[in-house]
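First the proteins, then the strands, lettered A, B, ... as listed; each starts at 1.
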Amino acid sequence: MMQPAPPTGVAPPLQQQTQQPQYPHPHPQQPYMMMPPQAQPGAAVQAPPQMWAPQPPAQHHLLHQAQAQAQPTSADEVRTLWIGDLQYWMDETYLYSCFAHTGEQVTMVKVIRNKQTGQSEGYGFLEFANRATAERVLQAYNGSIMPNGGQNFRLNWATFSSGERRSDDSPDYTIFVGDLAPDVTDYMLQETFRARYPTVKGAKVVIDRVTSRTKGYGFVRFGDEGEQLRAMTEMNGVLCSTRPMRIGPATNKNTTGGQQPKGM
DNA sequence: GATGAGCGT
């Protein structure tokens, strides 16, 4: 019941294989000083399969699927995902290796870098064989743990490539949640609210890109304004993990949520 | 304690 069954068929918690690489453990103390062996800038964009790649979803026939669905795809098909919250050492090779033996066909990865410093901007793009593949990956891996164990995949549809917007057209009603304990994850936050508010669409704990640790606050999105408003009062002070939450209004960039523009 | 989110040749 209370068991963390991911919302949209998200990959189950990583059952780490036998041994793991020289990656930091779930709570890396050092930011990005660790340079994984495979993460050589300029290395061929082709990583050998790694044992620590994430587990595929509940399906183990992905290889066959990938082949079966390797249809040429309409050229305008959206099959690129945006990926964020990357640490600085997470380069193309690393990203490839994340999916190398998942059975999903990654046709292109790119990490966006600062032109001057060459440093990663913390996001990139993943292109897949077709839309179905991209969608599967999005569903399965978004929010699941990344191979280094320190953070979760942050995936979304890339927006530029084609007009089709992925987002449902329903508005979001978002609240700010502060005072979060260090161990609170997106999922934990989401479920804390979803237990009482069925329209909860998602939650996000804000991660510091440098330390890859939580900043102690986050956001919860509702599909219904009434629930948003109720949660603002009802959930204030309610325990999430070990700490009472502090709820506030969210300054929403996406003003669809009935949020007043800043200054009002 | 605090207001995310970043979309490329």
Atom pair distance, as rounded to whole Å: CZ in A/Arg213 and P in B/dG1
18 Å
Considering only side-chain heavy atoms of A/Arg243, which listed nucleotide, B/dG8, B/dG1, B/dT3, is closest?
B/dG1
Would you mind reading off the distance between A/Lys204 atom NZ and B/dG4 atom P, rounded to a whole angstrom?
9 Å
Whole angstrom is fine here: how far is it from CG in A/Leu155 over to P in B/dG4?
21 Å
Atom of A/Ile83, atom of A/Phe125 and distance for their closest heavy-atom approach:
CG2-N, 4.1 Å
Under a 3.5 Å threshold, yes or no: a donor from one side chain and an acceptor from the other, between A/Ser212 and A/Gln151?
no
Between B/dG1 (P) and A/Met245 (CE): distance, integer Å:
17 Å
For A/Ile112 and A/Asp85, take the nucleotide of DNA chain B holding the closest heavy atom to each; which residue's nucleotide lies nearer the 5' end?
A/Asp85
Which one, B/dC7, B/dG4, B/dG8, comes nearest to the side chain of A/Thr174?
B/dG4
For B/dA2, is there a stacking contact with A/Phe176, counting only centres under 5.5 Å and planes under 30°?
no
Integer-rounded Å distance: B/dA2 P and A/Leu189 CG
19 Å
What nucleotide, of B/dC7, B/dT9, B/dT3, holds the atom closest to the side chain of A/Phe219?
B/dT3
Can you tell me which nucleotide in B/dG8, B/dA5, B/dA2 comes closest to the side chain of A/Tyr217?
B/dA2
Contact class for A/Arg154 vs. all strands (heavy atom < 4.0 Å): base, sugar-phosphate, or nothing?
nothing
Expressed as a whole number of angstroms, how long is the span from A/Asp186:CG to B/dG4:P?
15 Å
Could I get the full list of salt bridge (charged side-chain N to carboxylate O under 4.0 Å, His left out) partners for A/Arg196, not counting sequence neighbours?
none
Which nucleotide, B/dT9, B/dC7, B/dA5, lies nearest any side-chain atom of A/Lys115?
B/dT9
Among B/dT3, B/dG1, B/dG8, which nucleotide sits nearest the side chain of A/Asp179?
B/dG1
Write down the distance between CD (A/Glu121) and C1' (B/dG8), rounded to a whole number of angstrom.
11 Å
As a quick check of understanding, evaluate side-chain hydrogen bond (donor to acceptor under 3.5 Å, both in side chains) for A/Glu127 and A/Thr107, giving each step before the final call.
CA-CA 5 Å; A/Glu127 186 188 84; A/Thr107 58; 2.8 Å; yes
Between B/dG4, B/dT3, B/dG8, spot the one nearest the side chain of A/Thr80, thanks.
B/dG8
For atom CZ of A/Arg113 and atom C1' of B/dG8, their distance in whole Å
12 Å
Does A/Arg79 make a cation-pi contact with A/Trp157, if we ask for NZ or CZ under 6.0 Å from the ring centre and within 45° of the axis?
no
For A/Lys110, answer base if it contacts any base atom (sugar-phosphate contacts may also be present), sugar-phosphate if it contacts only those atoms, and nothing otherwise; contact means non-hydrogen atoms under 4.0 Å.
base
